[in-house]
Amino acid sequence: MTTARRGSFDGDDYFMGVASLAAQQSKDPVTQVGACIEKNNVILGTGYNRMPRNCSHFSWGKSETDPLKNKHSYVCHAEMIAICNKNSADVKDSTMYVTLFPCNECAKLIVENGIKEVVYQSYKDKPSTDASKLIFDAAGVKYR
Ligand SMILES: O=c1ccn([C@H]2C[C@H](O)[C@@H](COP(=O)(O)O)O2)c(=O)[nH]1
Ligand SMILES: [Zn+2]
């Protein structure tokens, strides 16, 4: 016999939980980021920061002098993967849950894809995140 479980569905907890679970798949030894795109309580796509397809053997090193030996030249951000992985549904007017506040490059992708809200778990203060805020503010994307 099953027992009915009470309690209202907390979408924020659930979708951020999915984003956190996605982050756990990242092979980046320093920073693991997960993202989950949701619309009308349906998950449209998830992603985590990873190397591009067929490049999984690339190094996670961060050379200060050689950009070709720096992961930042290659890694796909979690937000980008979530957008690329989305199912056939339109992400316009959706919400993205992400474990780390998006960088300016991801902010551009979010705006260009019509995502209307970003819910984030943690924040690293950088010039790129200042730029993200300017982009979101100008484009009317809410973040919390
Ligand atoms: O919006 C973002 C910003 C960063 N990431 C990923 C990309 C990298 O794998 C790490 C950042 O590495 P650090 O060593 O902390 O500089 O985070 C992302 O997925 N989305
Ligand atoms: Zn990014």
Side-chain angles (χ1 to χ4, degrees), residues 5-144:
R5 299 178 69 226
R6 288 165 193 265
S8 57
F9 172 70
D10 186 330
D12 279 356
D13 273 0
Y14 179 69
F15 298 117
M16 191 58 83
V18 171
S20 298
L21 203 58
Q24 290 176 27
Q25 291 298 314
S26 175
K27 304 271 190 299
D28 189 327
V30 179
T31 306
Q32 300 83 39
V33 187
C36 172
I37 306 171
E38 167 270 333
K39 186 170 169 180
N40 298 330
N41 283 338
V42 173
I43 292 175
L44 305 186
T46 62
Y48 57 88
N49 53 328
R50 63 164 172 78
M51 290 297 170
R53 284 175 204 269
N54 298 321
C55 303
S56 56
H57 55 290
F58 283 18
S59 162
W60 289 100
K62 281 208 279 188
S63 166
E64 298 284 329
T65 51
D66 185 353
L68 294 183
K69 292 186 177 144
N70 189 314
K71 68 176 181 180
H72 289 136
S73 298
Y74 308 106
V75 67
C76 301
H77 288 192
E79 301 90 325
M80 186 189 106
I81 297 291
I83 291 170
C84 291
N85 278 352
K86 75 178 171 59
N87 64 23
S88 57
D90 192 349
V91 296
K92 188 172 180 304
D93 295 329
S94 66
T95 298
M96 178 179 279
Y97 289 79
V98 62
T99 56
L100 179 67
F101 190 79
C103 74
N104 58 320
E105 293 299 328
C106 291
K108 289 184 250 179
L109 270 175
I110 287 165
V111 165
E112 288 300 310
N113 280 276
I115 293 171
K116 71 167 192 322
E117 185 181 28
V118 172
V119 183
Y120 61 97
Q121 196 173 50
S122 63
Y123 183 85
K124 279 188 194 170
D125 199 11
K126 293 178 175 186
S128 73
T129 49
D130 289 339
S132 302
K133 286 185 189 168
L134 291 177
I135 292 167
F136 287 152
D137 290 344
V141 173
K142 294 196 171 32
Y143 46 91
R144 62 185 168 89

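Basis for what follows: all heavy atoms, side chains included, without hydrogens, waters or symmetry-related copies. Numbering of ligands and ligand atoms starts at 1, following listing order.
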Proximity winner for atom 20 (N) of ligand 1, if only heavy atoms of Gln32, Met51, Glu79 are counted
Glu79

re atom 8 (C) of ligand 1, the protein heavy-atom contact at minimum distance is Asp28 OD2, 3.4 Å

Shortest protein contact, atom 19 (O) of ligand 1 (heavy atom only):
Ala78 N, 2.9 Å

Is it the case that over 12 heavy atoms from other parts of the model lie below 6.0 angstrom from the CG atom of Asp66?
yes

Got His72 and Lys62 here, is their nearest side-chain heavy-atom distance under 4.5 Å?
yes

What protein heavy atom sits nearest atom 2 (C) of ligand 1, and how far away is it?
His77 ND1, 3.3 Å

Given Ser94 and Lys86, is the side chain to side chain donor-acceptor pair (under 3.5 Å) satisfied, shown in steps?
CA-CA 11 Å; Ser94 66; Lys86 75 178 171 59; over 6 Å; no

Quick one: does Lys124 get within less than 4.0 Å of ligand 1, heavy atoms only?
yes

With respect to atom 15 (O) of ligand 1, which of Thr31, Thr99, Ile110 exhibits the smallest heavy-atom separation?
Thr31

In terms of the angle between their ring planes, are Phe136 and Tyr143 parallel, tilted or perpendicular, with boundaries placed at 30° and 60°?
tilted

Picking from Asp13, Thr46, Asp12, what satisfies side chain to side chain donor-acceptor pair (under 3.5 Å) with Tyr97?
Asp12

Enclosure of Asn41 CG (heavy-atom neighbours >12, cutoff 6.0 Å)
yes

Can you check whether Val75 has an N/O within less than 3.5 Å of an N/O in ligand 1?
no

Rounded to the nearest 0.5 Å, the CD atom of Glu79 sits from the CD1 atom of Ile115 at a distance of 9.5 Å

Per-atom contacts, ligand 1 versus Asn49 - under 4.0 Å to a heavy atom:
6 (C), 8 (C), 9 (O), 10 (C), 17 (O), 19 (O)

Find all atoms of ligand 1 within a distance of less than 4.0 Å from any non-hydrogen atom belonging to Pro102, and give their numbers and elements.
1 (O)

Would you mind running through ligand 1 and noting each atom that sits below 4.0 Å from a heavy atom of Lys62?
13 (P), 14 (O), 16 (O)

protein heavy-atom neighbour closest to atom 16 (O) of ligand 1 works out as His72 NE2, 2.9 Å

Can you list the ligand 1 atoms lying under 4.0 Å from a non-hydrogen atom of Val30?
14 (O)

Determine whether Met96 and Val91 make a side-chain contact, defined as any pair of heavy atoms from C-beta on separated by less than 4.5 Å.
no

Measure the spacing between CG of Asp90 and NZ of Lys39 and express it to the nearest 0.5 Å.
5.0 Å

Can you give me the ND1-the Zn ion (ligand 2)-SG angle for His77 and Cys103, to 10°?
110°

If hydrogens are left out, which of Lys27, Lys71, Glu105 has an atom nearest to atom 12 (O) of ligand 1, that is, the closest non-hydrogen atom?
Lys71

